Amino acid sequence: MLVDSALSRYYEKIQTALDALLSGPADANSEDFTPGTGLPLLTDAVRSYLSVSDLARTSLPSYRGKRLALLDLTRNPATMTTKTFASLVIVARAVRHIQDTDERVTIVTPSSANKAVAMRDAVLRAVTCGLVTADQLNVVVLVPEGALGKLRRTELFTDPYLRTRNPVGVLRGERPGAVKDIARGFVDTHGEQVAKDGKTRLWYTLQLENYLAADVVRALAEAEFFPADRDEPRLHVHAVSSAYGLLGHAYGRTLLPRGTHEPAPHYFLVQHLGAPDMVLSLYHDGSTDPRHAPAYSYDPGSGLYTQDADPHFPAVTFDPAEELDPTFYTRNPPTSARMNELIQRDGGGGIVVSLAECLQRYAQVRALLAEAGIRLPPNPTALREWSLVMAVVGVLNGIDRGLVPENDILVHASGNYAVGDFDALTEQDVHRVQDVAALRDLTLTACP
């Protein structure tokens, strides 16, 4: 089941969500610039701009009697992640502001990688589709050093003017989340100066509601084309850092017509050992204290670290402190409390996976996904985005360990790409940014 251009199909509902989510007192009282909630008129040019927002639902082979299906949100070849949906909506709002006011807008986006890629793609699409000019809209991204291999060489880099207008900043350091602190500090400290000297409005887009409004299409498409059985809850499985996508799905259900009788969805969170905070919070009364994680012991026979005290954590790992994928870097996400409430009220759960477990099941997952037309490289070392593999391994492990009573399971494919799917940027292609002042200087250079 393919849903073409989901953002176009549900454009009015997305506008409704934006108006409801972003028109409260907190937004009105914020000192941050926002472009308003309006989307541009759905012209042919806007439809072309949104045309990469396809999604698809495909059945997978069953596992231990459980019915598995895949919700593919990675169909934009320029990003291959679900970040396309929110980024297109965010940039569309900036386009509408520019059209209404003739003011320039500069989007500032800290990211672990995928959001930066998607935001850059959305800005490029807005320019190439003729919605705005390159001088009216640009984006400045800041990513941690470990994300460099995920960034893509596109026309925003190969065109000299677009490269200057849309720079990529890279932060060295052991704490990837510092990119958020630097970007937030830059906007707070220098936003007015850049607006004056660069003659542009700075928009810091890391607000939950910006993402919820786009991710409602998951629930809307599900209700229209592949609803759950009225008598059986569906488990939604997602590899998460902050679970914006699942919260968007939950909010999207509030936009369904009255009388919709599907049972409340159950949500299953999959994380890795480098950032397991949402799973810890779920099972430890909101606490993310790492002392709640099980202790691992080195097994000289296998060369692995092992534990059998907590089925929600990996049984084996190469390193108890490993970072499976730098995309999932958020610690103590503010969304944990909301996800805990949904799961504890309606059902679901969570699990943490390790690289060792992903490698143990890699051939199995590769064969399973091939049934849905999803390609994984034969050599797992070529994989650059692990979220889809993490989600599938997580639910298979959860089934094996008796953590998944549901029989109807929908895995959200939020990201999947490998070496050869894109040309990556290199260290010579980016700007080193270590502090707020450096990000200010980079942004002023981008806004002549």
Side-chain angles (χ1 to χ4, degrees), residues 78-79 81 83 87 104-124 134-135 137-200 202-206 241 274-275 323-331 384-385 417 419 422-448:
T79 69
T81 73
K83 299 300 184 183
S87 298
R104 300 204 302 175
V105 174
T106 296
I107 294 171
V108 178
T109 298
S111 169
S112 60
N114 290 335
K115 191 185 297 105
V117 170
M119 199 69 76
R120 283 169 59 82
D121 178 61
V123 168
L124 179 59
D135 191 51
L137 175 67
N138 67 325
V139 59
V140 178
V141 302
L142 180 63
V143 301
E145 188 174 27
L148 186 56
K150 293 183 172 229
L151 302 182
R152 298 177 176 224
R153 184 186 296 262
T154 68
E155 194 177 344
L156 284 196
F157 176 80
T158 58
D159 180 281
Y161 183 67
L162 292 176
R163 181 170 65 245
T164 299
R165 286 280 288 151
N166 301 277
V168 175
V170 173
L171 172 68
R172 281 181 176 167
E174 296 182 359
R175 191 169 71 87
V179 295
K180 295 180 181 177
D181 300 333
I182 291 174
R184 180 72 260 181
F186 157 62
V187 173
D188 290 343
T189 306
H190 301 291
E192 291 185 6
Q193 175 198 353
V194 173
K196 178 181 178 181
D197 296 346
K199 297 180 177 60
T200 189
L202 289 187
W203 185 16
Y204 182 80
T205 60
L206 282 196
S241 186
E323 182 182 84
L324 174 53
D325 190 319
T327 297
F328 300 91
Y329 72 150
T330 302
R331 304 307 302 263
R384 290 294 175 266
E385 171 58 46
Y417 52 82
V419 172
F422 62 98
D423 292 328
L425 294 178
T426 69
E427 289 193 15
Q428 290 72 37
D429 302 329
V430 299
H431 303 266
R432 292 294 175 185
V433 172
Q434 291 302 119
D435 53 30
V436 166
L439 185 57
R440 175 203 62 201
D441 294 343
L442 180 61
T443 304
L444 284 172
T445 300
C447 301

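Quick caveat, the model's predicted, so the values are computed rather than measured.
Between Val117 and Thr81, the closest side-chain pair of non-hydrogen atoms is not below 4.5 Å. Contact check for Thr106 versus Val194: no side-chain heavy atoms found under the 4.5 Å cut-off. Looking at Tyr204 and Leu202, their side chains never come closer than 4.5 Å, going by heavy atoms from C-beta outward. Using a 4.5 Å heavy-atom cutoff, the side chains of Leu124 and Leu162 are in contact. Side-chain atoms of Val433 and Leu171, non-hydrogen and from C-beta on, never get closer than 4.5 Å to each other.
Salt-bridge annotation for Asp325 and Lys150: present, with a side-chain N of the basic residue lying under 4.0 Å from a carboxylate O of the acidic one. A salt bridge links Arg175 with Asp181: the distance from a Lys NZ or Arg NE/NH1/NH2 to an Asp or Glu carboxylate oxygen falls below 4.0 Å.
Nearest heavy atom pair, residue Ser87 against residue Ala122, reads O-CB, 3.6 Å. Looking at every heavy atom in both residues, Arg152 comes nearest to Leu425 through O-CG, 3.8 Å. A pairwise comparison of heavy atoms in Arg165 and Asn138 identifies O-ND2, 2.7 Å as the closest pair. For the pair Thr426 and Leu148, the tightest heavy-atom approach, listed with the atom from each and the gap, is C-CD2, 3.9 Å. Among all heavy-atom pairs drawn from Arg331 and Ala275, the shortest one is CD-CB, 3.8 Å. Ala183 and Val108 make their closest contact through CB-CG1, 4.3 Å (heavy atoms, listed as atom of the first residue, atom of the second, distance).
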Side chains of residues 438-448: which donor-acceptor partners sit under 3.5 Å, not counting sequence neighbours?
| from | atom 1 | to | atom 2 | distance (Å) |
| --- | --- | --- | --- | --- |
| Thr443 | OG1 | Leu439 | O | 2.8 |
| Thr445 | OG1 | Asp441 | O | 2.9 |

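Rounded to the nearest 0.5 Å, atoms OG1 (Thr327) and CG (Asn114) are 4.5 Å apart. To the nearest 0.5 angstrom, Arg163 atom CZ is 9.0 Å from Arg153 atom CZ. Considering NE2 of His190 and CG of Asp188, their distance stands at 10.0 Å, rounded to 0.5 Å. Once rounded to the nearest 0.5 Å, the distance linking CG of Asn166 with CG of Leu156 reads 4.5 Å.
Within 6.0 Å of atom CD in Gln434, more than 12 heavy atoms from other residues, nucleotides or ligands are found, so the atom counts as buried in its surroundings.
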Could you walk me through whether Arg432 and Glu427 pass the side-chain contact (heavy atoms from CB on, under 4.5 Å) test, one step at a time? CA-CA 9 Å; Arg432 292 294 175 185; Glu427 289 193 15; 3.3 Å; yes

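Looking at Arg384, its side chain never comes within 3.5 Å of a backbone N or O of Gly149 through a donor-acceptor pair.
Here the options are Pro110, Ser111, Ser112, the test is side chain to side chain contact (heavy atoms under 4.5 Å, CB included), and the partner is Val179; only Pro110 passes.
For Tyr417, the ring-ring contact (aromatic ring centres under 6.0 Å, His included) criterion is met by Phe422, not counting sequence neighbours.
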